[in-house]
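For clarity, every value in this text was computed on a predicted model and none was experimentally measured. Residue numbers begin at 1 in each chain, while the letters A, B, ... track the order of the sequences. Side-chain atoms are counted along with the backbone in the values below, which use heavy atoms only and exclude waters and symmetry mates.
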Number of protein chains: 2
Amino acid sequence: MPHEIHKAIARNAMLMKALPEQHRDTLLSRAIWKHYDRGETLFLQDEEATAIHIVLDGWIKLYRVTPSGNEAVVSVFARGESFGEAVALRNAPYPVSAEAATPCDVMHIPSNALVDLIRHDSEVGLTILSSTFNHLHSLVSQLEQLKAQTGAQRVGFFLLALADCETGQCTVKLPYDKVLIAGRLGMKPESLSRSFARLKDAGVKIEKDMARISDIQALRDYVEEEQ
Amino acid sequence: MPHEIHKAIARNAMLMKALPEQHRDTLLSRAIWKHYDRGETLFLQDEEATAIHIVLDGWIKLYRVTPSGNEAVVSVFARGESFGEAVALRNAPYPVSAEAATPCDVMHIPSNALVDLIRHDSEVGLTILSSTFNHLHSLVSQLEQLKAQTGAQRVGFFLLALADCETGQCTVKLPYDKVLIAGRLGMKPESLSRSFARLKDAGVKIEKDMARISDIQALRDYVEEEQ
DNA sequence: CCGATATCTTGACTTTCATCAAGGGGTTTG
DNA sequence: CAAACCCCTTGATGAAAGTCAAGATATCGG
């Protein structure tokens with residue numbers, strides 16, 4: 001039953017984690033679960049935002065259509081990540097479009113649900129605000145730390161974040177389009193390809209759109225090596 | 001009269017920018033202005049946070065004392081930046097210590113002032129929350145974009161952010177300790193030194209702790225070159 | 001089933017940055 | 001005043017990633 005797993009993922013998304021149990025339940029009860037096939041559109045640029053989105057499974061890409069007509073990928077989100085908070089809280093129009101890069105499960109939390117919660121209990125606003133600042137600082141230091149690692153280590157770290165098991169072997173599903181992953185990790189497709197090749201020594205095998213990790217702990221050791 | 005300039009800087013700090021005029025005035029009226037000499041301590045690790053800090057002039061470094069006894073710089077903040085929001089909003093103990101890396105002017109906003117504002121008007125919480133998410137995303141994309149530039153371009157960008165004039169020539173004051181700047185820009189001191197050398201072509205001259213930019217626009221052009 | 005197109009991988013070369021090592025300029029200390 | 005020290009700069013070298021180009025593989029349409 002994937003539903004229970006999805007609930008657990010949603011509960012641990014950054015936005016929800018800050019809240020006490022009962023408030024999370026409130027939000028979950030008002031949330032909308034939805035499946036998207038590859039290429040399906042979540043929303044288009046200039047549409048008015050009415051919800052915050054949490055990726056439960058799969059990959060979402062945010063893109064902007066350039067004046068010259070082709071699309072520029074702004075960012076890519078994987079399982080457990082949320083996006084659209086800023087615009088949803090103001091009911092502003094989206095500055096980008098969103099599309100499923102792989103088959104996806106997404107939870108939509110109506111922005112009203114969150115706004116109601118904050119209006120009703122200003123303590124909730126303070127809590128989320130505080131955890132957001134924390135998240136902001138940890139993100140910055142995380143990005144700085146990632147610079148100190150090699151490409152292969154960054155890829156390994158990234159795979160670990162997506163692995164849903166604690167030990168032993170594990171399989172991670174990747175988007176078909178490797179350019180998306182490369183962009184997300186701040187490298188060129190060629191470099192990503194070479195990083196994958198190096199990760200073979202750490203027990204990672206790439207098969208089409210799946211990454212097989214033969215030993216989670218071995219990969220952890222590899223990522224944390226000599227920094 | 002530097003006081004007016006400081007007020008303008010404070011009003012434009014990320015935290016304040018989100019708020020409507022009258023609320024900014026409220027916060028400013030309850031804020032404490034303070035000067036610190038080089039090496040002076042703002043707060044120590046484990047002290048309870050009671051204020052949010054905005055750097056008006058100079059450089060503040062956040063550091064942690066490692067078990068082995070020497071200090072590790074966690075981050076460095078320059079004019080216009082704020083820090084300590086997350087801990088202040090929860091009255092939690094500081095996880096790091098803060099010290100003036102140069103002579104500094106700092107504004108302290110008592111966390112009570114902000115908390116009162118949010119408690120009294122939950123709309124304020126929503127506004128700050130929304131602007132914080134914006135800031136978060138812009139920070140991430142900014143960091144990603146910076147990776148695509150050479151070291152010299154990053155240094156140039158950094159100097160531009162500190163320059164307080166729009167056109168013509170300008171002088172930026174740097175911390176005495178260049179290791180701080182290097183750390184902030186994610187490079188080694190040697191690389192920083194070489195980047196400075198390259199920026200001579202873009203009309204930047206380093207004299208002790210001052211960077212003289214002979215033409216702001218020329219530097220802008222250099223930074224944006226061929227990406 | 002086969003060819004056309006797009007995507008991914010591999011190879012050779014270049015640029016950039018980290019590292020190690022040595023030299024220079026200023027300040028501090030005996 | 002000179003020796004010691006600190007920090008910054010400069011040089012040489014190597015590792016990592018970007019670029020350009022070619023080859024391999026996969027996907028799609030006929």
K.L.:
On DNA chain D, check which nucleotide each of B:L192 and A:G186 is closest to and give me the residue with the more 5' one.
P.N.:
B:L192
K.L.:
Any idea which of D:dA16, D:dA12, D:dT9 is nearest the B:R194 side chain?
P.N.:
D:dA12
K.L.:
Could you state the CG-C1' distance from A:L185 to D:dA17, rounded to the nearest angstrom?
P.N.:
14 Å
K.L.:
Please tell me which of A:K208 and A:K188 maps to the more 5' nucleotide of DNA chain D, matching each residue to the nucleotide holding its nearest heavy atom.
P.N.:
A:K188
K.L.:
Using modelled atom types only, decide if a donor and an acceptor are shared between the side chain of A:S195 and the backbone of A:S191 within a distance under 3.5 Å.
P.N.:
yes
K.L.:
When you look at NZ of A:K178, are more than 12 heavy atoms from neighbouring residues, nucleotides or ligands closer to it than 6.0 Å?
P.N.:
yes
K.L.:
Between the opening five pairs and the closing five pairs of the helix from C:dC1-D:dG30 to C:dG30-D:dC1, how far apart are the helix axes, to 10°?
P.N.:
30°
K.L.:
Mind checking the CG-CG spacing from B:L160 to B:L219? Nearest 0.5 Å is all I need.
P.N.:
4.0 Å
K.L.:
Find the distance A:D209:CG to D:dT27:C1' and express it as a whole number of Å.
P.N.:
13 Å
K.L.:
Between B:K178 and D:dC7, does any side-chain N or O lie under 4.0 Å from OP1 or OP2?
P.N.:
no
K.L.:
Between D:dT10 atom C1' and B:K200 atom NZ, what is the distance in whole Å?
P.N.:
11 Å
K.L.:
How many whole angstroms separate atom CZ of A:F196 from atom P of D:dT25?
P.N.:
18 Å
K.L.:
What is the separation between atom CG on A:L199 and atom P on D:dA16, rounded to the nearest whole Å?
P.N.:
13 Å
K.L.:
Name the orientation class of the two ring planes belonging to A:H53 and A:H108 (parallel below 30°, tilted from 30 to 60°, perpendicular beyond 60°).
P.N.:
perpendicular
K.L.:
Measure CZ/A:R38 against C1'/D:dC28 and give the value in whole Å, please.
P.N.:
13 Å
K.L.:
Check each of B:Y63, B:Y36, B:Y94 against B:F43 using the ring pair (Phe, Tyr, Trp, His ring centres under 6.0 Å) test, and report the only one that passes.
P.N.:
B:Y94
K.L.:
Nucleotide range of DNA chain C contacted by chain A, 5' to 3', under 4.0 Å to a heavy atom?
P.N.:
C:dC8 to C:dA12
K.L.:
Please tell me which of the listed nucleotides, D:dC20, D:dT9, D:dA16, lies nearest to the side chain of B:E190?
P.N.:
D:dT9
K.L.:
Donor-acceptor pair, distance only, cut-off 3.5 Å: does the side chain of A:N91 make one with the backbone of A:V87?
P.N.:
no
K.L.:
Can you give each donor-acceptor pair under 3.5 Å made by side-chain atoms of residues 206-214 of chain A, sequence neighbours left out, with the distance rounded to 0.1 Å?
P.N.:
residue: A:E207; atom: OE1; partner: A:R212; partner atom: NE; Å: 2.7
residue: A:R212; atom: NH1; partner: A:T171; partner atom: OG1; Å: 3.2
residue: A:S214; atom: OG; partner: A:G203; partner atom: O; Å: 3.1

K.L.:
Grab the two heavy atoms, one from B:Q169 and one from B:C165, that are nearest each other, plus how far apart they are.
P.N.:
O-SG, 3.7 Å
K.L.:
Might you point out which heavy atoms bring A:I9 and A:L56 nearest each other, and give the distance in Å?
P.N.:
CD1-O, 3.4 Å
K.L.:
Reckon A:S191 has a side-chain N or O less than 4.0 Å from the OP1 or OP2 of D:dG18?
P.N.:
yes
